[in-house]
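This report refers to the structure that appears directly beneath it.
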Amino acid sequence: MSTNQTYMTRALQLANRGCFTTDPNPRVGCVLVKDNQIIGEGWHQRAGEAHAEINALNDAGEQSKGADCYVTLEPCGHFGRTPPCADALIQADVKRVYIAMQDPNPQVAGQGIAKLKEAGIEVVVGILENEAEQLNKGFCKRMRTGRPFVRSKIAMSLDGRTAMSSGESQWITGPEARQDVQKLRAQSSAIMTGTGTILTDDPSLTVRPEGDWYPAGKEVRQPLRIVVGKDPEIPEYAHLFDDLHEVLFVTTKQRERGNVVDVLTVPEKNGNVDLTTMMTALAKRGINEIMVEAGSTLNGALLEAGLIDELIIYMAPKLMGDSAKGLFHLPELQTMAQNIDLNITDIRAVGNDWRITATPNYKKVG
């Protein structure tokens with residue numbers, strides 16, 4: 001590993017500390033180096049607060065002059081909720097700026113780089129770019145496509161079943177896997193489910209951190225809860241309403257908002273919610289990453305529409321039998337050529353269960 005990669009790796013480690021707290025902003029880390037020594041570090045900790053570069057400059061103080069800056073995302077060159085970070089680096093008189101990746105936001109991409117170059121600062125872009133992209137794949141997808149990154153979490157038995165025929169599904173996996181799910185929830189902008197899951201399982205869909213993985217002293221950021229259904233009728237006593245955290249109903253019919261309930265009305269498609277239109281509307285609300293925790297109907301519809309980017313499957317060492325429910329409700333496939341191919345990117349043990357991470361290959365759908 002080169003020296004530049006070593007310092008950028010440290011910046012990526014710092015950026016990851018904001019994994020649960022920066023939404024809807026990207027996760028960014030910054031390292032300042034002088035005479036082969038790190039003199040300042042910082043990361044973006046929460047939306048509306050100082051960016052990574054400002055925290056690193058404050059950490060380094062007067063030593064910043066003539067330093068090299070390693071930052072995981074292009075420094076902003078525009079005024080938003082905070083002043084431009086590119087201006088702050090120029091004022092600090094840094095010598096060089098190494099950037100992992102250019103900002104994918106088409107409205108601002110390249111502005112920060114141009115400012116730095118115009119000020120006579122040497123700029124190098126592309127160090128550990130893939131790693132930086134993975135850290136912010138929800139933000140990057142929203143900026144490039146106008147849709148959020150969609151991750152579907154499914155717990156299943158060894159024979160591929162997600163619930164008994166009665167609908168009972170608690171608990172297929174063990175406590176370690178369930179706490180791992182809490183981490184996935186915490187890094188998500190929103191948690192999505194269907195009306196059927198609310199009526200059957202009555203989940204709260206909140207982040208409940210246990211252990212030391214959530215930043216100490218930070219208030220838990222609760223993702224938006226999204227319920228999808230043509231006309232979701234949820235009883236007032238549902239656990240979804242146990243707190244004052246916002247719930248969004250996505251429906252095809254106009255309905256009144258409640259104290260903690262917002263409503264997004266979208267067109268119908270094939271008698272159900274138009275899921276593609278829904279995703280575009282959610283991205284316009286600043287939603288980067290959606291975690292789907294739903295049954296086979298919504299998961300199947302999202303997969304058929306090509307909207308699931310990643311599957312996280314927790315496989316428990318249990319057998320639930322033929323009458324239990326499967327993972328996806330899909331139209332009948334007649335030939336092997338119609339199968340949906342998955343690219344498995346990771347397999348690891350979580351307690352007594354296995355976690356499989358996979359991406360659908362939509363070229364083989366249909």
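Here the structure is a predicted model, which is why all the values come from computation and not from measurement. Side chains are part of it too, since the values below use all heavy atoms of this structure and drop only hydrogens, waters and symmetry mates.
At distances below 3.5 Å, at least one donor-acceptor pair connects side-chain atoms of E74 with backbone N or O atoms of D103. Looking at D180, its side chain never comes within 3.5 Å of a backbone N or O of E176 through a donor-acceptor pair. Listed for the D59 side chain is no donor-acceptor partner under 3.5 Å among the backbone atoms of N55. The backbone N or O of I290 lies less than 3.5 Å from no partner atom in the side chain of S188, so there is not a single donor-acceptor pair. D274 contributes no side-chain N or O that, together with a main-chain N or O of P267, makes up a donor-acceptor pair within less than 3.5 Å. Listed for the R27 side chain is a donor-acceptor partner under 3.5 Å among the backbone atoms of C19. Within the 3.5 Å criterion, the main-chain N or O of S204 finds a donor-acceptor partner in the side chain of R225. Here the side chain of Q182 pairs a donor or acceptor atom with the backbone of R208 at under 3.5 angstrom.
For V220, the side-chain contact (heavy atoms from CB on, under 4.5 Å) partners two or more places apart in sequence, or in a different chain, are V207, P209, Y214, Q222. By the salt bridge (Lys or Arg N to Asp or Glu O under 4.0 Å) test, R151 is found to be paired with E289, E310, residues two or more places apart in sequence or in another chain being considered.
In this structure, CD1 in I287 is found 15.0 Å from CZ in F139, a value given to the nearest 0.5 Å. One distance of note links CG of L275 with CG of L303; it measures 11.5 Å at 0.5 Å rounding. One finds the CD1 atom of I191 at 5.5 Å from the CD atom of E293 (value rounded to the nearest 0.5 Å). Atom CZ of F149 sits about 4.0 Å away from atom NZ of K137, to the nearest 0.5 Å. If you take CG on D201 and NE2 on H239, they are separated by 11.0 Å, rounding to the nearest 0.5 Å.
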Step by step, work out the side-chain hydrogen bond (donor to acceptor under 3.5 Å, both in side chains) result for S189 and N288.
CA-CA 6 Å; S189 310; N288 293 325; 4.5 Å; no
K34/E62 under salt bridge (charged side-chain N to carboxylate O under 4.0 Å, His left out): CA gap, chis, key distance, verdict:
CA-CA 12 Å; K34 195 171 185 179; E62 295 180 358; over 6 Å; no
For side chain to side chain contact (heavy atoms under 4.5 Å, CB included), just list the numbers for Y70 and N4, CA-CA rounded to whole Å, side-chain angles, deciding distance to a tenth of an Å, and then say yes or no.
CA-CA 8 Å; Y70 293 81; N4 286 339; 2.6 Å; yes
I'd like to know whether R355 forms a salt bridge (charged side-chain N to carboxylate O under 4.0 Å, His left out) with D353, so could you lay out the CA-CA distance, the side-chain angles of the two residues, the decisive distance to 0.1 Å, and finally the verdict.
CA-CA 7 Å; R355 187 182 75 188; D353 306 307; over 6 Å; no
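Contact detail for T193 and L298: the closest heavy-atom pair is C-CD2, 3.7 Å. Residues M279 and V150 share a closest heavy-atom pair of CE-CG2, 3.6 Å. Nearest heavy-atom pair across T195 and G229 is OG1-CA, 3.6 Å.
Classification of the H44-H51 ring pair by plane angle, with boundaries at 30° and 60°, yields perpendicular.
A side-chain contact (heavy atoms from CB on, under 4.5 Å) with Y7 is found for one member of D68, L12, I127, I38 and no other, namely I38. If you run side-chain contact (heavy atoms from CB on, under 4.5 Å) between V266 and each of V228, T251, T276, V250, only V250 comes through.
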